[in-house]
Trainee: 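Below is a structure I'd like to ask you about.
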Amino acid sequence: MPRPFRFGVNLLTLESGPAWRAKCRRAEQLGYDVLLVPDHLGWPSPFPALVAAAEATERPRMGTFVLNAGFFNPALLARDAATTDALTGGRLELGLGTGYVKDEHDAAGLPFGTPGERVDHLAHTVRELDRLLGDPEQLPRPAQRPRPPLLIGGNGPRLLRLAARYAEIVAFTGGRQAPGKPEGTLELLPATEVAASVAAYRTYAADRAEPAELNILVQRVLVTGDRRAAAREFAGHGVGVDEDQALEVPTLLIGTPAQMAEQLRERREQYGFSYITVLDTCLEEFAPVIEELKGS
């Protein structure tokens with residue numbers, strides 16, 4: 001049997017406390033299962049934002065999507081994660097990645113390092129979190145035992161091996177740095193490259209006792225009665241995929257809600273993606289797709 005769908009929304013903007021809580025309640029009303037906060041300078045701070053989101057809602061789980069490991073000392077991160085899990089009633093899912101924007105590290109006065117060094121630091125952080133959060137004598141204690149579920153996001157071989165060993169949830173990056181554009185500007189990976197990453201992960205995870213949940217971040221939800229015309233227009237903006245690829249890439253949903261629901265069923269079958277995340281700019285547009293897939 002396929003793993004049931006879960007739906008998350010990545011909350012990017014904070015106007016005020018009341019507006020934040022209202023947005024979180026609206027996401028809950030629309031059927032989202034996980035409220036997520038990314039980790040970039042100039043955006044909301046993840047842990048306090050998630051505590052406020054939990055206080056405003058009852059059902060959704062809370063997640064970081066994803067923390068920049070380079071911003072954190074593992075011991076301090078373990079303290080923050082345990083505190084947040086306790087304050088949210090055991091609803092935290094802790095997402096981690098290597099970080100990819102050098103300007104943010106420079107602004108924070110933190111080393112950026114090479115890709116290999118960033119993966120090294122992430123691996124060290126994951127091992128320490130596994131040890132500290134799983135230690136029954138460690139204070140503060142998380143509500144979930146042995147620790148909150150861990151999500152690791154990325155694509156490279158070393159990162160996927162790390163995820164295969166430690167993560168309950170694996171989030172596949174569907175983008176890469178766009179050549180010739182400012183740092184942090186991403187373009188979409190074609191479906192073939194996403195499929196190759198999933199295949200590599202499955203090889204690394206072949207000996208797992210329990211399969212991980214696989215996640216994909218959908219960058220755009222394009223509601224339309226003409227899929228090809230919408231794909232043609234979108235591809236014309238230089239996003240890394242052509243018209244035909246835009247119709248197939250798992251980081252886009254194009255069509256009517258019923259067509260999008262069918263795309264997600266097919267992608268769950270093809271890739272194993274059962275945990276689908278959208279950006280809060282698509283909060284309302286994606287809700288009818290959740291309704292279409294209720295109970296699937």
Side-chain angles (χ1 to χ4, degrees), residues 2 5-10 12-13 30 32 36 38 40 65-66 97 100-101 153-157 159-160 170-202 214-293 296:
F5 282 112
R6 284 203 307 159
F7 302 104
V9 57
N10 216 17
L12 309 180
T13 58
L30 292 173
Y32 288 90
L36 299 155
H40 291 286
F65 198 84
V66 292
Y100 61 92
V101 183
N155 263 344
L159 189 146
L160 292 175
V170 183
F172 288 84
T173 302
R176 62 186 165 202
Q177 172 65 41
K181 294 187 179 180
E183 184 187 36
T185 303
L186 301 182
E187 65 177 19
L188 300 184
L189 293 174
T192 53
E193 296 192 32
V194 178
S197 292
V198 173
Y201 168 77
R202 292 194 186 283
L214 304 189
N215 170 277
I216 191 72
L217 171 62
V218 174
Q219 297 286 344
R220 292 287 297 274
V221 176
L222 303 174
V223 181
T224 177
D226 188 337
R227 296 189 69 234
R228 183 159 291 279
R232 184 182 309 119
E233 180 181 358
F234 184 81
H237 295 295
V239 292
V241 294
D242 62 26
E243 176 184 329
D244 289 332
Q245 291 171 326
L247 291 169
E248 300 297 330
V249 69
T251 46
L252 293 176
L253 286 170
I254 306 174
T256 66
Q259 288 174 325
M260 293 181 191
E262 186 58 29
Q263 290 163 47
L264 291 178
R265 291 187 190 98
E266 292 171 354
R267 292 167 187 176
R268 180 173 63 179
E269 177 68 23
Q270 180 179 359
Y271 302 97
F273 296 143
S274 60
Y275 177 11
I276 311 301
T277 300
V278 300
L279 303 176
D280 64 1
T281 51
C282 305
L283 180 76
E284 299 287 343
E285 289 87 344
F286 187 65
V289 184
I290 296 177
E291 189 66 24
E292 290 272 350
L293 292 170
S296 298

Trainee: Checking Gln245 against Leu188 for the side chain to side chain contact (heavy atoms under 4.5 Å, CB included) test, could you report, in this order, the C-alpha distance in whole Å, the side-chain angles of both residues, the deciding distance, and whether it holds?
Mentor: CA-CA 10 Å; Gln245 291 171 326; Leu188 300 184; over 6 Å; no
Trainee: If you draw a 6.0 Å radius around CD in Glu193, do more than 12 non-hydrogen atoms from other residues or ligands fall strictly inside?
Mentor: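 Count over threshold, so yes.
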Trainee: Going through the checks in order, is the side chain to side chain contact (heavy atoms under 4.5 Å, CB included) test met by Tyr271 and Phe172?
Mentor: CA-CA 10 Å; Tyr271 302 97; Phe172 288 84; over 6 Å; no
Trainee: Just do the side chain to side chain contact (heavy atoms under 4.5 Å, CB included) check on Leu189 and Asn155 with the steps written out, would you?
Mentor: CA-CA 11 Å; Leu189 293 174; Asn155 263 344; 3.2 Å; yes
Trainee: Kindly compute the distance separating OG1 (Thr173) from CG (Leu160), expressed to the nearest 0.5 Å.
Mentor: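 Answer rounded to 0.5 Å: 8.5 Å.
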Trainee: What's the separation between atom CG in Leu264 and atom CD in Gln259, rounded to the nearest 0.5 Å?
Mentor: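 So the CG of Leu264 and the CD of Gln259 are separated by 12.0 Å.
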Trainee: Tell me whether the rings of Tyr32 and Phe286 are parallel (<30°), tilted (30 to 60°) or perpendicular (>60°).
Mentor: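 Rings of Tyr32 and Phe286: tilted, as their planes differ by 30° to 60°.
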Trainee: Val218 and Thr251: side chain to side chain contact (heavy atoms under 4.5 Å, CB included), yes or no, with the steps?
Mentor: CA-CA 4 Å; Val218 174; Thr251 46; 5.8 Å; no
Trainee: Can we call the ring centroids of Phe5 and Tyr275 under 6.0 Å apart?
Mentor: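 No, too far apart.
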Trainee: Looking at Val194 and Pro250, what are the two nearest heavy atoms and their distance?
Mentor: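 Closest heavy-atom pair between Val194 and Pro250: CG1-CG, 3.9 Å.
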Trainee: State whether Phe273 and Arg268 meet the cation-pi test: NZ (Lys) or CZ (Arg) under 6.0 Å from the six-membered ring centroid, and within 45° of the perpendicular axis.
Mentor: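 The answer is no; the distance or angle limit is not met.
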Trainee: Are any non-hydrogen side-chain atoms of Gln263 and Leu253 less than 4.5 angstrom apart?
Mentor: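 Sidechains of Leu253 and Gln263: in contact.
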Trainee: Side chains of Leu12 and Pro38, heavy atoms from C-beta outward: is any pair under 4.5 Å?
Mentor: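 Contact flag for Leu12/Pro38 side chains = yes.
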Trainee: Here's one to test your reading of the geometry: is the NZ or CZ of Arg220 within 45 degrees of the ring axis of Phe234 and under 6.0 Å from its centre?
Mentor: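 No - Arg220 does not lie over the ring of Phe234 by the 6.0 Å and 45° rule.
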Trainee: Does Glu233 CD have over 12 foreign heavy atoms under 6.0 Å away?
Mentor: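 No.
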Trainee: Which atom pair, heavy atoms only, marks the closest approach of Gly240 to Glu187?
Mentor: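 Scanning both residues completely, I find the closest heavy atoms to be CA-OE1, 3.8 Å.
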Trainee: CG of Asn215 to CD1 of Ile276: how many Å apart, nearest 0.5 Å?
Mentor: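 Those atoms lie 7.0 Å apart.
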Trainee: State, to 0.1 Å, how close Leu214 and Gly272 come at their nearest heavy-atom pair, and which atoms those are.
Mentor: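 Looking at all heavy atoms of both residues, the closest pair is CB-O, 3.5 Å.
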Trainee: Does Leu283 reach the side chain of Val278, with side-chain heavy atoms less than 4.5 Å apart?
Mentor: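 A side-chain contact under 4.5 Å is absent here.
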Trainee: So, taking the atom named CE in Met260 and the one named CG in Leu252, what distance separates them when rounded to the nearest 0.5 Å?
Mentor: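 CG of Leu252 is found 10.0 Å from CE of Met260.
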Trainee: Could you check if a side-chain atom of Glu284 sits within less than 4.5 angstrom of a side-chain atom of Val223, using non-hydrogen atoms only?
Mentor: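 Answer no - side chains too far apart.
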Trainee: Minimum heavy-atom separation for Leu247 to Ala231, with atom names?
Mentor: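 Taking every non-hydrogen atom into account, CD2-CB, 3.7 Å.
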Trainee: State the CD-CD distance between Glu248 and Glu266, to the nearest 0.5 angstrom.
Mentor: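 The CD atom of Glu266 is 8.0 Å from CD of Glu248, to the nearest 0.5 Å.
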Trainee: Distance from Thr277 atom OG1 to Gln219 atom CD, nearest 0.5 Å?
Mentor: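 Thr277 atom OG1 to Gln219 atom CD measures 10.5 Å (nearest 0.5 Å).
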Trainee: Would a 4.5 Å heavy-atom cut-off, applied to side chains only, mark Phe65 and Leu217 as touching?
Mentor: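 Answer yes - side chains close enough.
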